[in-house]
Structures are given as structure tokens and as C-alpha cells.
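This report refers to the structure that appears directly beneath it.
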Amino acid sequence: MLEMSSSEGAENKMLLTPDSGTQADDDEDAMNRMVSTFGLKAKTADPSGQKKKSKKTSSAMEFDIPEDIYGASMLALAKDLTDLVSGEAVSILTIVRFTFPLVLLAVNLALQFLCLFYINKYVVAASVHHVQETYARFHRNVFQADGKWDETTWLRYDDQAKDNLCQIAMTNQSFYYTALLIWIVSSLHEFRAGQQLLGNIMRVPTAESFGDQLLFDDVDEVKVYITALKPVVRCLMICLVVLPKIVISVALMGLGMRWLSATTSFHELIMNAVAMTFVTQIDELLYHFALPSSYRTQVADIDFSIQDVTPEEIEREAWLSYVRSAFYCVLSIVLVPIYAEIIQDILPSTVYHLVSNCREWQEQHTSLKCHTTFQEAMQKLFTEGLGNATEVPPSCYPFGRG
């Protein structure tokens with residue numbers, strides 16, 4: 001068996017199964033070059049005792065199935081449905097193995113979509129309303145009738161109102177952009193996982209029968225590969241697993257960027273980004289909480305496998321993996337200014353005019369009462385000793401230390 005790991009989020013591997021006949025020298029040399037180029041690890045497979053004979057080809061590419069509720073549902077559709085359709089020794093346990101992951105998938109989708117709905121209705125909408133009211137109040141008081149900035153009015157503007165205004169995330173453009181970038185990367189990670197899953201499902205050929213969908217490993221009998229799919233199984237995987245996963249990731253990315261833009265304090269900017277990620281973790285929570293460990297082991301042991309792969313196709317796939325990675329990196333960076341400057345409708349672009357004014361206000365109201373520079377601390381250390389250098393000046397506690 002020959003394995004290869006690529007840079008894709010879902011691990012790609014290459015399997016080498018010896019033919020019953022003699023390999024041609026040029027094919028053997030090509031495989032040796034692939035081993036040398038990609039650092040592949042070669043193993044010898046035992047040709048005896050196979051559960052199902054593989055085609056007489058030299059290589060195959062393997063793609064992992066995610067270990068979550070989505071992956072468990074794919075196992076049920078590919079393996080357990082095959083057991084049911086075959087009709088051989090069908091028991092109540094077989095029916096439970098097929099239906100239980102799908103029921104959990106339905107619960108997962110219901111929870112995720114409900115979370116998106118209620119977060120948008122009761123959390124994001126309220127935040128947007130509050131930040132827009134805060135900015136509208138400021139605009140009425142500080143801007144003149146012709147829309148020009150009134151510096152005098154700003155200097156006399158209420159301190160509490162200034163504090164509320166300058167805590168809006170968008171008034172600190174660099175911090176706001178950084179939070180958006182991190183959130184977009186997190187969301188695109190989920191989207192990319194769904195896109196890769198869709199690509200893997202579409203790449204496997206069409207099976208003539210349910211029995212032709214699976215291939216058992218020659219050495220490790222618990223390892224199972226999906227080498228083909230019946231059209232109905234492929235359609236179910238796309239409709240029940242892939243499309244909901246992609247829709248949820250896109251909806252969550254848009255909802256999260258809107259919430260971050262409407263954040264009215266900097267500590268909430270980070271907390272909101274962290275809080276939104278729990279929606280994407282519901283599937284993993286249900287997977288580890290509700291599924292038996294034996295079924296989770298089966299999910300870990302099943303993968304997609306593409307047969308009849310030439311060395312040239314493997315090298316091409318390696319290059320494409322880097323191209324896709326570079327594309328998503330560039331996309332995540334480009335989406336930040338596109339959303340912040342063009343798409344977002346929370347506040348007008350004039351909010352960025354507050355960056356310099358709020359920076360002065362934030363520096364004035366966030367500076368330490370007793371701030372000592374490193375140079376001052378070192379000078380005091382060598383001139384007055386360690387005890388005096390670490391002693392807090394009395395002026396820091398004008399009312400005593402309590």
C-alpha cells in the first residue's frame with residue numbers, strides 16, 4: 001500500500017495494490033519517482049484473503065470522510081444502505097445503524113438553522129439597531145446642516161456619548177479589519193470542507209449496483225473504501241449532507257460579519273467572533289455525544305478511493321491543491337475590504353472619519369495611571385536598586401492602598 005498526504009484540508013492518500021501479472025518497467029520507475037518526489041511510504045499488500053478483488057491497476061487516490069455527523073450520515077448512506085438493499089441478514093440493528101445517523105443529521109440541521117434564525121432576529125438585529133441609533137445621534141449633534149464636520153461641537157460632545165461612539169468596532173479600522181479577516185478565514189474553512197466533500201463525491205464513478213460501491217482493504221479488513229456510488233446515493237449525499245453544510249457556512253459567514261460590524265465595544269468584538277463558532281461545532285458535539293464509539297470507529301475507517309490513477313494525475317492533483325489553497329488565502333484577504341467598504345450597510349463610510357478622533361480619545365482614556373517605560377525602569381534599577389525600582393509611586397494611589 002502506498003500513501004500520500006497532500007496540502008488539502010481533507011487528507012489525500014495514494015494506495016498501491018500489486019497486480020497479479022508482472023508490472024511494466026516504466027510504470028514501476030514512474031511510481032518510484034512519485035515515492036521520491038512526494039515522500040510516500042510503500043507497504044506490501046497481501047494478495048490473499050481479499051473480501052473483494054480490486055481492479056488490476058497500480059494505484060488509487062484516497063480522500064478522508066469528515067469525522068462528524070455529516071461523515072456518519074455518508075457512512076450510513078454508502079455502507080448501511082447497501083446492507084439493507086442487499087437483503088442479506090437484515091436485522092433490527094442494521095436498520096438502527098442506518099436510521100440513527102440520519103436522525104442525528106436532521107437534529108443537527110434543525111439546531112444549526114434555528115440558531116442562525118434566532119441569532120439574526122434577536123441578537124444581530126438588536127446590535128445593528130443600537131449602533132445605528134448611536135451613530136445617528138452623534139451625526140445630528142456634531143455634523144452641520146451641510147454635512148461638514150464641526151470640530152468645536154465634537155470637543156464639547158458629551159464624554160459618555162464619546163465613549164459609546166468610540167467603542168464601535170468600525171471606529172478602529174485596523175482592529176475591525178483584523179477581526180473580519182479571522183472570522184472570514186474561519187467561515188471559509190467550513191465552506192472549503194463542504195466544497196472538497198462535493199468534489200470527492202462527484203469524482204467517484206457511477207456504480208452499477210449497490211455491491212460495487214465499497215472496496216475492503218487487503219491488509220486491514222476494517223478499512224473500507226467508497227470506490228463508486230449509485231446515482232441515488234450520490235444525490236442523497238449531495239442534498240442531505242453537502243448542500244446544507246455549504247449553505248450554513250455561507251449564511252454564518254455573512255451573519256458573523258454583520259454582527260462584528262455592529263459591535264459596540266471592543267471586548268465584545270472578540271467575544272462575538274468566538275461565540276458564533278459554536279454553531280459550526282454542533283455537528284461535532286452531536287457526533288461525539290450521541291453516536292456510539294463503535295460507529296465513530298467505522299466513520300474513521302471509511303474513505304473515498306479513486307481508482308486507475310496515473311502518476312501524472314497524482315502530480316496534477318498535488319499542484320491543484322496548492323492552487324486551491326492560494327485561492328482561498330487570497331479570497332479571505334480580498335473579502336475584508338470588499339465587505340467593509342462596499343457590502344456592509346450597518347454604518348456609512350463616513351464612520352471611518354472618526355478613526356483619528358477616536359484614537360486620541362481612546363489613548364487618553366485607556367492610558368495607565370502609573371506608566372513607566374522600560375528605559376525609566378532600567379535607569380531606576382541601576383541608580384536606586386531593585387527595591388525602589390519595583391516600588392509603586394504613592395501618586396498611583398492618592399487615597400491609600402486600602
Side-chain angles (χ1 to χ4, degrees), residues 10 63-118 190-191 193-204 206-207 209-216 222-252 278-305:
F63 305 93
D64 287 344
I65 286 179
E67 295 184 34
D68 52 24
I69 284 297
Y70 297 105
S73 302
M74 295 176 69
L75 172 63
L77 293 172
K79 185 175 183 294
D80 298 321
L81 181 60
T82 300
D83 295 339
L84 287 175
V85 173
S86 65
E88 297 179 3
V90 176
S91 63
I92 300 298
L93 181 59
T94 306
I95 299 175
V96 171
R97 282 204 314 265
F98 171 69
T99 57
F100 196 70
L102 296 180
V103 171
L104 288 179
L105 175 65
V107 173
N108 168 70
L109 294 179
L111 289 176
Q112 288 185 316
F113 279 112
L114 281 175
C115 283
L116 291 176
F117 174 77
Y118 287 123
E190 293 294 325
F191 175 84
Q195 174 262 315
Q196 289 173 345
L197 204 55
L198 176 61
N200 296 338
I201 292 174
M202 298 302 298
R203 290 177 67 174
V204 295
T206 301
S209 64
F210 282 94
D212 294 334
Q213 294 186 130
L214 304 178
L215 176 68
F216 294 88
V222 299
K223 189 70 176 178
V224 183
Y225 301 104
I226 302 175
T227 57
L229 289 172
K230 289 281 290 182
V232 62
V233 176
R234 193 192 311 271
C235 182
L236 287 173
M237 284 185 177
I238 294 174
C239 294
L240 299 181
V241 177
V242 177
L243 290 183
K245 185 178 181 66
I246 291 177
V247 169
I248 289 173
S249 63
V250 173
L252 190 63
F278 90 93
V279 178
T280 63
Q281 297 172 355
I282 294 176
D283 55 329
E284 297 180 10
L285 176 63
L286 289 176
Y287 175 78
H288 291 285
F289 173 75
L291 273 180
S293 59
S294 58
Y295 201 88
R296 297 200 302 268
T297 302
Q298 293 184 54
V299 176
D301 289 332
I302 189 169
D303 297 308
F304 286 105
S305 180

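A salt bridge links Lys245 and Glu190; the closest N-O separation between the charged side-chain nitrogens and carboxylate oxygens is under 4.0 Å.
Side-chain contact check for Leu286 versus Leu105: every heavy-atom pair is 4.5 Å or farther apart. Annotation: side chain of Leu104 is not in contact with side chain of Tyr287 (no heavy-atom distance under 4.5 Å). Looking at heavy atoms from C-beta onward, Leu214 lies in side-chain contact with Ile226 at the 4.5 angstrom threshold. Contact check for Ile65 versus Leu75: no side-chain heavy atoms found under the 4.5 Å cut-off.
For Leu93, the CG atom counts as densely surrounded, since its 6.0 Å shell holds more than 12 non-hydrogen atoms of other residues, nucleotides or ligands.
Looking at Gln112, its side chain does come within 3.5 Å of a backbone N or O of Val279 through a donor-acceptor pair. Arg234 contributes a side-chain N or O that, together with a main-chain N or O of Ile201, makes up a donor-acceptor pair within less than 3.5 Å.
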message: Determine whether Phe63 and Leu197 satisfy the following criterion, side chain to side chain contact (heavy atoms under 4.5 Å, CB included), listing intermediate values before the conclusion.
response: CA-CA 9 Å; Phe63 305 93; Leu197 204 55; over 6 Å; no
task: For side chain to side chain contact (heavy atoms under 4.5 Å, CB included), just list the numbers for Val204 and Thr227, CA-CA rounded to whole Å, side-chain angles, deciding distance to a tenth of an Å, and then say yes or no.
output: CA-CA 6 Å; Val204 295; Thr227 57; over 6 Å; no
message: With side chain to side chain contact (heavy atoms under 4.5 Å, CB included) as the criterion, how do Tyr70 and Asn108 come out once you've worked through the C-alpha distance, each side chain's angles and the decisive distance to 0.1 Å?
response: CA-CA 9 Å; Tyr70 297 105; Asn108 168 70; 3.3 Å; yes
task: List the steps and the verdict of side chain to side chain contact (heavy atoms under 4.5 Å, CB included) for Thr280 and Leu252.
output: CA-CA 9 Å; Thr280 63; Leu252 190 63; 3.0 Å; yes
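None of Leu215, Ile302, Asp303 except one satisfies the side-chain contact (heavy atoms from CB on, under 4.5 Å) rule with Lys223; the exception is Asp303.
Side-chain contact annotation: Thr94 with Ser91, donor-acceptor N/O pair under 3.5 Å present.
Atom CG of Leu109 and atom CG of Leu114 lie 10.5 Å apart (nearest 0.5 Å). One distance of note links NZ of Lys79 with CG of Asp301; it measures 10.5 Å at 0.5 Å rounding. Once rounded to the nearest 0.5 Å, the distance linking CG of Leu84 with CZ of Phe210 reads 10.0 Å. Atoms CG and CE, on Leu229 and Met202 in that order, are 10.0 Å from each other to the nearest 0.5 Å. Rounding to the nearest 0.5 Å gives a distance of 12.5 Å between CZ of Phe304 and CD of Gln196. Here the straight-line distance linking atom CE of Met237 with atom SG of Cys235 works out to 11.5 Å at 0.5 Å rounding.
Looking at every heavy atom in both residues, Ala207 comes nearest to Pro231 through O-CD, 4.5 Å. When all heavy atoms of Ala76 and Phe98 are compared, the closest pair comes out as O-CD1, 3.4 Å. Residue Gly194 comes nearest to Val242 through the heavy atom pair O-CG1, 3.6 Å, listed as atom of the first residue, atom of the second, then distance. Pairing each heavy atom of Leu102 with each of Ser73, the nearest pair is CD2-CB, 4.0 Å. Across all non-hydrogen atoms, the minimal contact from Glu67 to Val299 is CA-CG1, 4.1 Å. Counting all heavy atoms, side chain and backbone alike, Arg97 lies closest to Asp80 at O-OD2, 3.3 Å.
Every side chain to side chain contact (heavy atoms under 4.5 Å, CB included) that Phe117 has, sequence neighbours left out, goes to Lys121.
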